[in-house]
Colleague: 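Dropping a structure here in structure tokens format, bear with me for questions.
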Amino acid sequence: QVQLIEFGGGLVQAGGSLRLSCAASGRTFSRLSMAWFRQAPGLERGLVAAISGSGSITYYSDTVKGRFTISRDNAKNTMYLQMNSLTPEDTAVYYCAARSGGSLWRNKDEYNYWGQGTQVSVSS
């Protein structure tokens, strides 16, 4: 069992920043590949960013590349998503996801542990 809890969602103005956190419990954190997904109403859940167990490998969707930064602190069992230069198109529910294994995974079906989601709303 792995439990994930997201923190840090909220309402911000366009151009602003938010920092999301995902706290994990139930398994050795460094052995979990992690990712952030997001889902807007009427759209499928899509990958935002992913990070390997050690944090040495990261991946970003083209939409957020250069604006968002994914990181993790394995000593604190926590993953982060720093979001800068936010736009209304970033408005969505953001989900923390995890799976065992050292590789980096990009498809939502490859993740078997999920947080409850946190709402991010960006006003124009």
Side-chain angles (χ1 to χ4, degrees):
Q1 291 281 350
V2 175
Q3 293 183 325
L4 306 172
I5 302 177
E6 301 98 336
F7 302 94
L11 174 64
V12 298
Q13 293 181 330
S17 298
L18 281 175
R19 180 181 171 89
L20 304 183
S21 300
C22 174
S25 63
R27 188 171 292 186
T28 302
F29 188 65
S30 63
R31 297 178 182 176
L32 294 173
S33 297
M34 305 288 294
W36 290 99
F37 290 80
R38 67 185 182 186
Q39 186 169 21
L43 300 178
E44 292 191 54
R45 190 172 302 185
L47 179 68
V48 176
I51 187 167
S52 63
S54 67
S56 62
I57 304 173
T58 58
Y59 172 85
Y60 298 92
S61 69
D62 291 338
T63 304
V64 308
K65 190 177 300 182
R67 300 187 297 120
F68 292 8
T69 301
I70 189 171
S71 62
R72 64 193 296 163
D73 187 340
N74 288 348
K76 297 181 178 180
N77 287 4
T78 303
M79 177 183 65
Y80 307 95
L81 184 68
Q82 179 66 46
M83 304 184 293
N84 298 326
S85 301
L86 286 163
T87 73
E89 287 70 39
D90 295 316
T91 296
V93 177
Y94 284 69
Y95 296 91
C96 174
R99 64 155 288 156
S100 60
S103 298
L104 187 149
W105 307 93
R106 303 179 185 181
N107 192 300
K108 65 181 185 297
D109 294 331
E110 296 171 323
Y111 291 85
N112 52 346
Y113 303 108
W114 293 87
Q116 82 288 347
T118 185
Q119 177 70 47
V120 172
S121 299
V122 185
S123 61
S124 60

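Every value quoted in this text rests on a predicted model; they were computed, and no experiment measured them.
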Colleague: Mark yes or no for whether E6, through its side chain, and Q116, through its backbone, hold a donor-acceptor pair below 3.5 Å.
Modeller: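 Flag set: sc E6 to bb Q116 pair under 3.5 Å.
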Colleague: Determine whether a donor-acceptor pair (N or O, by modelled atom type, separation under 3.5 Å) exists between the side chain of S54 and the backbone of S56.
Modeller: yes
Colleague: Looking only at heavy atoms, which two atoms of A92 and A40 are closest? And how far apart?
Modeller: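 Answer, listing the atom of A92 first, then A40: CB-N, 3.9 Å.
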Colleague: Is a side-chain donor or acceptor of R19 paired with a backbone partner of Q82 at a separation under 3.5 angstrom?
Modeller: no
Colleague: To the nearest 0.5 Å, what is the distance between OH (Y59) and CD1 (I51)?
Modeller: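 The CD1 atom of I51 is 15.0 Å from OH of Y59, to the nearest 0.5 Å.
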Colleague: Can you confirm whether more than 12 heavy atoms, excluding those of Q119, are under 6.0 Å from its CD atom?
Modeller: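 Counting other residues, nucleotides and ligands, CD of Q119 exceeds 12 neighbours.
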Colleague: With respect to M83, which candidate in V120, D90, T69, V12 satisfies the side-chain contact (heavy atoms from CB on, under 4.5 Å) definition?
Modeller: V120
Colleague: Can a donor-acceptor pair be found, under 3.5 Å and without considering hydrogens, that links the side chain of T118 to the backbone of G9?
Modeller: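 Yes; judged by distance alone, with no hydrogens or angles, the pair exists.
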Colleague: Distance-only, no hydrogens or angles: does the S52 side chain make a donor-acceptor pair with backbone N or O of I57 under 3.5 Å?
Modeller: yes
Colleague: What I'd like to find out is whether the side chain of Y80 reaches to under 4.5 Å of the side chain of I70, using heavy atoms alone.
Modeller: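 With C-beta onward as the side chain, the pair stays apart.
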Colleague: Does a side chain donor of either E44 or Q39 reach within less than 3.5 Å of an acceptor in the other side chain?
Modeller: no
Colleague: Heavy atoms, side chains only, cut-off 4.5 Å: are L81 and V48 in contact?
Modeller: yes
Colleague: In the structure I gave you, are the side-chain heavy atoms of T63 and R38 within less than 4.5 Å of one another anywhere?
Modeller: yes
Colleague: Do we see a donor-acceptor contact under 3.5 Å between the side chains of T78 and D73?
Modeller: no
Colleague: Would you say S33's side chain and W105's backbone share a donor-acceptor pair under 3.5 angstrom?
Modeller: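 A pair under 3.5 Å: no.
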Colleague: Answer yes if F29 and V2 sit in the same cluster of Ile, Leu, Val, Met, Phe, Trp and Tyr residues linked by side chain heavy atoms under 4.5 Å apart, and no otherwise.
Modeller: yes
Colleague: Determine whether R72 and N74 make a side-chain contact, defined as any pair of heavy atoms from C-beta on separated by less than 4.5 Å.
Modeller: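 They are in side-chain contact.
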Colleague: Roughly how far apart are N84 CG and R67 CZ, rounded to 0.5 Å?
Modeller: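 If I round to the nearest 0.5 Å, the distance is 9.0 Å.
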Colleague: Do L47 and S61 have side chains that approach each other closer than 4.5 Å (heavy atoms only, starting at C-beta)?
Modeller: no
Colleague: Which atom pair, heavy atoms only, marks the closest approach of Y111 to N107?
Modeller: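 Heavy atoms only, the tightest pair is CD1-O, 3.3 Å.
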Colleague: So do M79 and W36 actually touch side chain to side chain, heavy atoms under 4.5 Å?
Modeller: yes
Colleague: If you define the side chain from C-beta out and look only at heavy atoms, does anything of M34 sit under 4.5 Å from C22?
Modeller: yes
Colleague: For the OG atom of S123 and the CD atom of Q13, what is their distance to the nearest 0.5 Å?
Modeller: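 Answer for the OG-CD pair, S123 versus Q13, is 5.0 Å.
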Colleague: Of all heavy-atom pairs between L18 and L86, which one has the smallest distance, and what is that distance?
Modeller: N-CD1, 3.9 Å
Colleague: Hydrophobic clusters here meaning ILVMFWY residues chained together by side-chain heavy-atom distances under 4.5 Å, can you tell me if Y60 and L20 are in one?
Modeller: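 Shared cluster, yes.
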Colleague: Anything under 30° is parallel, anything over 60° is perpendicular, the rest tilted; go ahead and classify F37 against W114.
Modeller: tilted
Colleague: Does the side chain of R106 reach to within under 4.5 Å of the side chain of L104, using non-hydrogen atoms?
Modeller: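 With C-beta onward as the side chain, the pair touches.
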Colleague: Parallel, tilted or perpendicular: which describes the rings of Y94 and F68, with under 30° parallel and over 60° perpendicular?
Modeller: tilted
